[in-house]
Amino acid sequence: MNKNILGILGLFIFIFGFTALSNENFLSAYNLQNLVKWSSLYAIMGIGVAFVIITGGIDLSIGSVIGLVASLMALMVRSEWDPAVAVLVLIALSLGIGLIHGLLVTKMKLQPFVVTLCGLLFYRGISRWATDNQSMGYGDTETLNSLFSGKLAIGSFVLPAPFFFLVVVAVLAAIFLNRTIWGRYLLALGNNEDGARYSGIETGRLKITAYVICSFLAGLSGLLFAYELDSVQPAQTGEFYELYAIAAAVLGGCSLRGGQGTILGVIIAAAVIRLLRNSINLLGISTHLEYAIIGMVILCGVSTDEIIKRIMAKRRAAK
Amino acid sequence: MGDTQTPLLEVAALEKQFPGVRALHDVDLTLNRGEVLAVVGENGAGKSTLMKILAGVHTPNEGTVRIDGAEVRVQSVRDAQAHGIALIHQELNLAANLDIAANVFLGIEPHTAGFIDSGQIHAKAASHLKRVGLDFPTDTLVEELTIGHQQLVEIAKALSVDARIIIMDEPTSSLSQTESERLFKVVHDLRSQGISIIYISHRLGEVMELADRVTILRDGENAGELAGEQISHNAMVKLMVGRDLSQFYQRNTTEPGSMVLETENLRTPAHPRSGLSFSVHEGEIVGIAGLVGAGRTELLETLFGVTPAVGGTLKIAGKVIHPKTPLEAIQSGIVLAPEDRKQHGLILEMSVRENASLPRLRMDQKVGAIDFGAEIVVSTEMVKKMDIKTPGLEQVVQYLSGGNQQKIVLGKWLAMKPRLLLLDEPTRGIDVGSKQEIYRLMEELAAGGVAILFVSSEMEEVLGMADRALVMHEGVITGELARDQLNEEAVMQLATGNKAAA
């Protein structure tokens, strides 16, 4: 386990312990269930964007993809689609969105920031237009229940469905990144794209794959959010979530320069961000300060990381 | 200051350590007023480090620098400028989007409350341009100038800070013959105006033409000094290499085998109008000589699929191929050790193990899973075989010396058992010891039947290693020289586009 993960884990344990000691409600089954549920959802998004960040790119469209998927799901349910088909269609749509992002970045050579910023605006606009900007619910859908409501009770504590999705996604993502040649190629091209190409790596295809993974996981979390929230506000659902996802990836050890990142780090960082929101509530700190606190914690986290790196580099030079 | 006995610049017992490398050891250098001093030495001899110390880019670990007899400390580029030292880098440092006057005064603009005094800038820039013989309006954008003219702008920039010492690092490496000649004239003019010049070059012909005195460096130490009549090609080479050349380059030419690479009218995107036809055989080492910008690197990149050919045919072992990516070239048995090792050859932030196995991963995989066992075997073998000096397989390659890095680049390709090995400036920036090992390796590979095509800007390397040399000039192969026809004169004639001489 590397130093970055230990650091972020330490931060998690510190906030967790502090909040638990300060407010007895924190350790209640209900609160912990919620914390696990939302942390899992954030982590799934974070893992997705981590792949793009590892290639040296960025995806700003995640929140809008979530909004789009949730909105279309509501429309499909209302039009009495078979929910299983609707889910498949929306997953395919997410994959398609990722593919388009990837092609625009690699073939058209557009900057990822620009491509996905346009995506952010475009998908949000389509969501609002398609739904006439009306909030919608999902009604009683048994198939959806069977897909997304799996729960595992441990005493009074119930592990929520998103947690199981996260476990599957995380295990697959970690294997892909650390154990397969494609994962190695992603890390290599994130460090040095030309160098990777000169070593016979098809850098274009791999970058496209990263965007596809990212949009797929955004779409998946869109379905999960839709199910958990049980309604969608086309103008708001998922708004700013890309920033939480990017924050989790960065705090979890991904470098925006590319070439670095671990799945475990992203998961813990996503949990830290959710935990902070929870703690702010329970500790009676003004919720208006929420963003300010999250911003400061992330800034301190990445600064500490940078300082440690410099000290290590100096030591190495002194040898 | 008027004392003509004290040298203008006096460097004594200079030491410079980089992590893992001793770049300079006990180096002395003196420069007199109005003198052109050439500093020569092989790649990695410490010339650039020495110049960067004088220009304030690096600070020395030990040693003294005196100007006009007074010891000075040059800690930054600004310090150097204040002492009248200006360095003109090999790669020019101009802002191409700004005009000539803005570049000449970049960072030292005369201004009133932040508002640039344009009139003064243009007037002064014009007078500096005159001194370097550059006849352009001062509001011409730098990007509209040729490299040769841009270099003169750099020199004008040095004059604008009242430089008394101008250091030129390989100034002619990307200039044409006429541009070079104009530069020589400027150098002469500056000398007659009392400016001292330190001139670094690989081109010994230029050094003989320009230098009043020559200081030779080898392996980061002084190897000797020549003045006036003593300056000759042979004397310089002897001091640079420090041993008998025939021993340094050991090429046991064997009878070449069957054809490995054959091109016919192959056209690169860089020079789409010139068709290149040549061949390389099994066990043969073919050198490509020429000036920077002659299209040599572009040719290798086309063969390797980085910039696919725009016409003509390319055959490997008789079979026509059209590599459009490096992967396709690799699959046909072509590999390239690129000129820019750090940018193209290695993943600097990855370990020795990961770099060594990168091209091979695809071959050793099991349904996409990395074969970690094979990876360790391959990289361990490579470290042993190539004699790579590294603390371990997990060492990040950016902390290794240039020579060891180059051995990793070669090692990762040799594990692929290539048919055709392309080498672009294989010994640039590496120490003499590793250099010799790389030559030995080339020799071994050729003996094993690999066809080798290498590009080199070092005359000695081409003369020493090539069984045959192709010489390029502005995208065209101007001639082919067999080993018994190979000499510096013939190569230079062809490299400067003089076909008749061959």
Side-chain angles (χ1 to χ4, degrees), chain A residues 2-4 53-56 106-107 171-209 213 253-262 306 309-310 312-319, chain B residues 17-20 300-301 304-306 323-332 334-351 353-372 375 391 395-399 409 412-413 416 422 424:
Chain A
N2 66 34
K3 289 191 178 58
N4 183 286
I53 290 176
I54 283 171
T55 69
T106 56
K107 305 290 174 198
V171 168
L172 290 178
I175 290 176
F176 183 81
L177 190 61
N178 302 315
R179 298 262 140 194
T180 69
I181 58 171
W182 306 294
R184 176 74 62 78
Y185 290 172
L186 277 180
L187 291 166
L189 83 88
N191 268 317
N192 180 352
E193 189 169 347
D194 281 337
R197 199 159 54 96
Y198 276 69
S199 291
I201 293 169
E202 294 162 295
T203 51
R205 276 192 203 180
L206 278 149
K207 277 170 102 171
I208 294 172
T209 308
I213 292 174
C254 295
S255 159
L256 287 183
R257 279 185 289 271
Q260 270 178 39
T262 60
E306 194 58 41
K309 263 187 215 153
R310 275 195 210 162
M312 305 231 309
K314 260 197 194 147
R315 270 195 203 161
R316 198 179 286 114
K319 259 183 209 170
Chain B
Q17 290 275 345
F18 289 115
L300 293 193
E301 291 191 333
F304 190 56
V306 177
K324 280 183 290 300
T325 61
L327 178 61
E328 290 175 26
I330 293 165
Q331 284 164 346
S332 306
I334 306 174
V335 302
L336 167 70
E339 176 179 15
D340 187 344
R341 202 155 44 232
K342 294 181 181 191
Q343 186 58 34
H344 299 144
L346 294 166
I347 313 292
L348 280 184
E349 289 168 45
M350 284 190 147
S351 65
R353 166 178 60 83
E354 288 166 315
N355 271 285
S357 65
L358 201 53
R360 262 197 79 95
L361 281 181
R362 194 182 296 277
M363 294 161 65
D364 294 332
Q365 60 159 324
K366 292 167 188 153
V367 268
I370 295 173
D371 184 342
F372 290 94
E375 189 180 23
Q395 174 71 19
V396 175
V397 300
Q398 76 185 115
Y399 302 111
V409 176
K412 76 172 184 183
W413 289 130
M416 302 289 287
L422 308 174
D424 198 352

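Here is the naming used below: chain letters follow the sequence lines, and residue numbers restart at 1 for every chain. Atom set for the values below is all heavy atoms of this structure, side chains included, hydrogens, waters and symmetry mates excluded. Source: prediction; values computed, not measured.
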Using modelled atom types only, decide if a donor and an acceptor are shared between the side chain of [X] and the backbone of [Y] within a distance under 3.5 Å.
X      : Y      : value
B/R362 : A/G200 : yes
A/K207 : A/L189 : no
B/E328 : B/K324 : yes
A/S255 : A/R257 : yes

Check whether [X] gets within reach of chain A through its side chain, its backbone, both or neither, counting any heavy atom under 4.5 Å.
X      : answer
B/P338 : side chain
B/K342 : backbone
B/L336 : side chain

A/G259, A/A196, A/S199: which one forms the most heavy-atom pairs within less than 4.5 Å of chain B? A/S199

Heavy-atom pairs under 4.5 Å with chain B: which of A/N192, A/I181, A/I175, A/D194 has the most? A/I181

Top of [options] for chain A proximity - count of heavy-atom pairs under 4.5 angstrom:
options                : result
B/P359, B/G368, B/P326 : B/G368
B/R341, B/E301, B/M416 : B/E301
B/I330, B/V306, B/L346 : B/V306

Under 4.5 Å to a heavy atom of chain B? For A/E193 that would be neither

Where on A/Y185 is there a heavy atom nearer than 4.5 Å to chain B: the side chain, the backbone, both, or neither? side chain

In terms of relative ring orientation, are A/Y198 and B/H344 parallel, tilted or perpendicular, with 30° and 60° separating the classes? parallel

When B/M350 is tested against each of B/V397, B/N355, B/V396 for side-chain contact (heavy atoms from CB on, under 4.5 Å), which residue passes? B/N355

Measure the spacing between OG1 of B/T325 and CZ of A/R197 and express it to the nearest 0.5 Å. 9.0 Å

